[in-house]
K.L.:
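Handing you this structure, nothing more for now.
No hydrogens, no waters, no symmetry mates; every other heavy atom, side chains included, goes into these values.
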Amino acid sequence: VMVMKAKEIKELTTNELVERLAEERLNLNRLVLNHAIAPLENPSLIRETRRTIARMETILTQRNNQQ
């Protein structure tokens with residue numbers, strides 16, 4: 001699991017960004033389900049993943065508004 005900074009996200013193409021966003025959402029679902037079954041070793045990963053998704057969505061919105 002890798003936390004992406006806004007700068008790294010901006011360097012991705014729009015198609016790559018959409019693909020990564022889908023992957024991150026699946027990853028978040030997996031983390032939450034695993035955490036419900038047995039506590040995660042590092043529960044802050046859920047928060048970081050949520051924030052990465054929010055960053056990606058924000059940048060996608062910005063790109064869509066520029067067009």
Side-chain angles (χ1 to χ4, degrees):
V1 178
M2 187 182 89
V3 176
M4 292 187 74
K5 301 286 183 207
K7 182 180 177 187
E8 296 170 322
I9 295 171
K10 286 178 184 174
E11 292 171 357
L12 297 174
T13 66
T14 304
N15 289 338
E16 289 173 335
L17 187 52
V18 170
E19 289 176 20
R20 288 297 297 269
L21 186 54
E23 290 173 20
E24 287 296 323
R25 286 183 174 143
L26 289 174
N27 187 29
L28 177 62
N29 286 341
R30 199 173 307 118
L31 284 172
V32 171
L33 286 173
N34 288 343
H35 188 59
I37 295 168
L40 291 176
E41 193 174 304
N42 187 357
S44 65
L45 284 177
I46 293 173
R47 180 190 308 152
E48 289 302 322
T49 304
R50 227 185 286 129
R51 289 180 177 175
T52 299
I53 290 171
R55 283 187 193 103
M56 291 177 169
E57 289 174 342
T58 300
I59 291 170
L60 264 180
T61 302
Q62 288 171 349
R63 289 183 184 178
N64 289 336
N65 289 339
Q66 287 175 355
Q67 293 175 352

K.L.:
Does any non-hydrogen side-chain atom of Met4 lie less than 4.5 Å from one of Leu12?
P.N.:
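Leu12 vs Met4: side chains touch.
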K.L.:
In chain order, what residues pass the side-chain hydrogen bond (donor to acceptor under 3.5 Å, both in side chains) check against Arg63, with sequence neighbours excluded?
P.N.:
Thr14
K.L.:
Can you sort out the partners of Glu57 under salt bridge (charged side-chain N to carboxylate O under 4.0 Å, His left out), two or more places apart, ordered by chain and number?
P.N.:
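Per chain and number, Glu57 pairs via salt bridge (charged side-chain N to carboxylate O under 4.0 Å, His left out) with Arg25.
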K.L.:
Which residue, Asn64, Thr58, Asn65, forms the side chain to side chain contact (heavy atoms under 4.5 Å, CB included) with Thr61?
P.N.:
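Testing each of Asn64, Thr58, Asn65 against Thr61, the sole residue satisfying side chain to side chain contact (heavy atoms under 4.5 Å, CB included) is Asn65.
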K.L.:
For Met56 and Glu24, what are the C-alpha separation, side-chain angles and deciding distance, and is it a side chain to side chain contact (heavy atoms under 4.5 Å, CB included)?
P.N.:
CA-CA 10 Å; Met56 291 177 169; Glu24 287 296 323; 3.9 Å; yes
K.L.:
Mind running side chain to side chain contact (heavy atoms under 4.5 Å, CB included) on Arg30 and Asn34 for me, showing each step along the way?
P.N.:
CA-CA 6 Å; Arg30 199 173 307 118; Asn34 288 343; 4.0 Å; yes
K.L.:
Do any side-chain atoms of residues 36-48 form donor-acceptor pairs under 3.5 angstrom with protein atoms, and if so which ones, sequence neighbours left out?
P.N.:
from	atom 1	to	atom 2	distance (Å)
Asn42	OD1	Ser44	N	3.4
Asn42	OD1	Ser44	OG	2.6

K.L.:
Rounded at 0.5 Å granularity, tell me how far CZ in Arg50 sits from CZ in Arg55.
P.N.:
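If I round to the nearest 0.5 Å, the distance is 12.5 Å.
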K.L.:
List the steps, then state whether side chain to side chain contact (heavy atoms under 4.5 Å, CB included) holds for Thr13 with Glu16.
P.N.:
CA-CA 5 Å; Thr13 66; Glu16 289 173 335; 3.2 Å; yes
K.L.:
Can you tell me how far CD of Glu23 sits from CG of Leu28, rounded to the nearest 0.5 angstrom?
P.N.:
13.5 Å
K.L.:
Would you check, one step at a time, whether the test side chain to side chain contact (heavy atoms under 4.5 Å, CB included) holds for Arg20 with Thr52?
P.N.:
CA-CA 10 Å; Arg20 288 297 297 269; Thr52 299; over 6 Å; no
